[in-house]
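As the structure is a prediction and not an experimental result, all values here were calculated from the model. Note that ligands are numbered from 1 as they come in the structure, with each ligand's atoms numbered from 1 the same way.
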Amino acid sequence: MAKTAKEKFKTYGNVFDNFAVRNLFELSSKGFFEEDSLSPISIGKEANVFSAKGKDGPVVLKIYRLETADFNRMYSYIRNDPRFLNLKNQRRKVIFAWVQREYRNLFRAREAKIRVPTPFVFMKNILIMEFIGKNQPALKLKDHIPKNKKKFYLKIKKYIRNFYKIGFVHGDLSEFNILNFDEEPVFIDLSHSTMIRQANSMELLERDVKNICRFFNKHNLKLDYKKELKEILS
Ligand SMILES: Nc1ncnc2c1ncn2[C@@H]1O[C@H](COP(=O)(O)OP(=O)(O)O)[C@@H](O)[C@H]1O
Ligand SMILES: [Mg+2]
C-alpha cells in the first residue's frame, strides 16, 4: 500500500518529530516542495538543512529542532533585538521568532543588494529558501578557496558595508557562513543578524570583520581589521 506523505516524513529516521512532520506535510501540501524529494545537506547544532524539489527549482529547508541544546544561547541573542522585545523565555516562541527573524533578515539583505538565498516561506520552525548551487550545494568558503582572493574579499567587504548602511550586521560571519558559488560570495545563516541600534551590535560587527580578515590573512592577504572596519563604517 502506498505510504501517505506523513508516513514518508516519519521514515526520515529520527530527524523529524511529530510536530515537524505536521508542518512539513502542510508545506508540501501547499506545493512549496515535493514530499519525496528531501535530501539531507547538513546537520547543525540547532537546525537540519535539506534540499528538495520546489515549484520552480530546487529549494532548501532549514528545520530548527525544538529540543535544541543551544536554546539559551538563542534566547540571549534575540532578547535584545528591538523587533522582538516582548519575547518571553519560552522555548517554542523563541525558536519560531528565530526562524521569522532569519526570514526577515534575508529580505533586508536582498534589499541591500547582498547575494543571499531568496527566502520563500517560513512556518513555525521551518524556513524554505532558494537552493544555492548547481546540482550539488555550493561549498562553504572554507572548503572552496576563491581563485581571486582579493576580489572575493572586496565583495564580502562591500556586502558587510551595504548591510551596515541599512542598519544591520550579519553577526555570525565567517568562512562557515559564506558560500563560494561560482567564485561569488553568498551570505547564509542570517539568523543572528540584527539591527545596529541593538546594544551589542558594534561588537558583533567587529567580530565579523575580524573573522573575515583572519581567514583571508591565513590565505596571504595582508588585512588590518581595524583599517577594514573603519572603511566599512565610513
Ligand atoms: N540556501 C542554501 N543553499 C545551499 N546550501 C545551504 C543553504 N543554506 C544552508 N546550506 C548548507 O547548510 C549548512 C548549514 O546551514 P546554516 O544556515 O549555516 O545553518 P547552521 O550553521 O545553523 O547549522 C551550510 O553550511 C551550507 O553548507
Ligand atoms: Mg552556519
Suppose I only count heavy atoms of [X] and a 4.0 Å limit; which atoms of ligand 1 are within that range?
{"X": "K62", "result": "16 (P), 17 (O), 19 (O), 22 (O)"}
{"X": "G44", "result": "23 (O)"}
{"X": "P117", "result": "1 (N)"}
{"X": "E130", "result": "1 (N), 2 (C)"}
{"X": "N177", "result": "18 (O)"}

| field | Summary of ring pair (Phe, Tyr, Trp, His ring centres under 6.0 Å) pairs that have at least one residue in residues 112-137, sequence neighbours excluded | value |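 The answer is Y103-F122.
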
| note | In F176, Y159, F163, the residue satisfying ring pair (Phe, Tyr, Trp, His ring centres under 6.0 Å) with F187 is Y159

| remark: For R83, the side-chain contact (heavy atoms from CB on, under 4.5 Å) test, sequence neighbours excluded, returns D81, R101, R104, N105, F168, M195

| How close does the nearest protein non-hydrogen atom get to atom 10 (N) of ligand 1, and which residue and atom is it? |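 Here the nearest protein heavy atom works out to V49 CG1, 4.0 Å.
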
| task | Look at atom 11 (C) of ligand 1 and say which protein heavy atom is nearest, naming residue and atom and giving the distance to 0.1 Å. | result | I41 CG2, 3.8 Å

| field | Per atom 6 (C) of ligand 1, closest listed option by heavy atom (L179, L141, D189) | value |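 It is L179 that holds the nearest heavy atom.
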
| message | Students often mix this up, so state it plainly: with edges at 30° and 60°, are the rings of F19 and F96 parallel, tilted or perpendicular? | response |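 The rings of F19 and F96 lie parallel, inter-plane angle below 30°.
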
| request: Could you please give the number of protein N/O/S atoms within less than 2.8 Å of the Mg ion (ligand 2)? | output: 2

| Counting only heavy atoms, which portion of K140 has something under 4.0 Å from ligand 1: side chain, backbone, both, or neither? |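 For K140, the contact with ligand 1 is made by the side chain alone.
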
| said: Under 4.5 Å side-chain heavy-atom separation, chaining through any Ile, Leu, Val, Met, Phe, Trp or Tyr, what else clusters with I188? Say none if it is isolated. | reply: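 Cluster partners of I188: I132, L179, F181, V186.
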
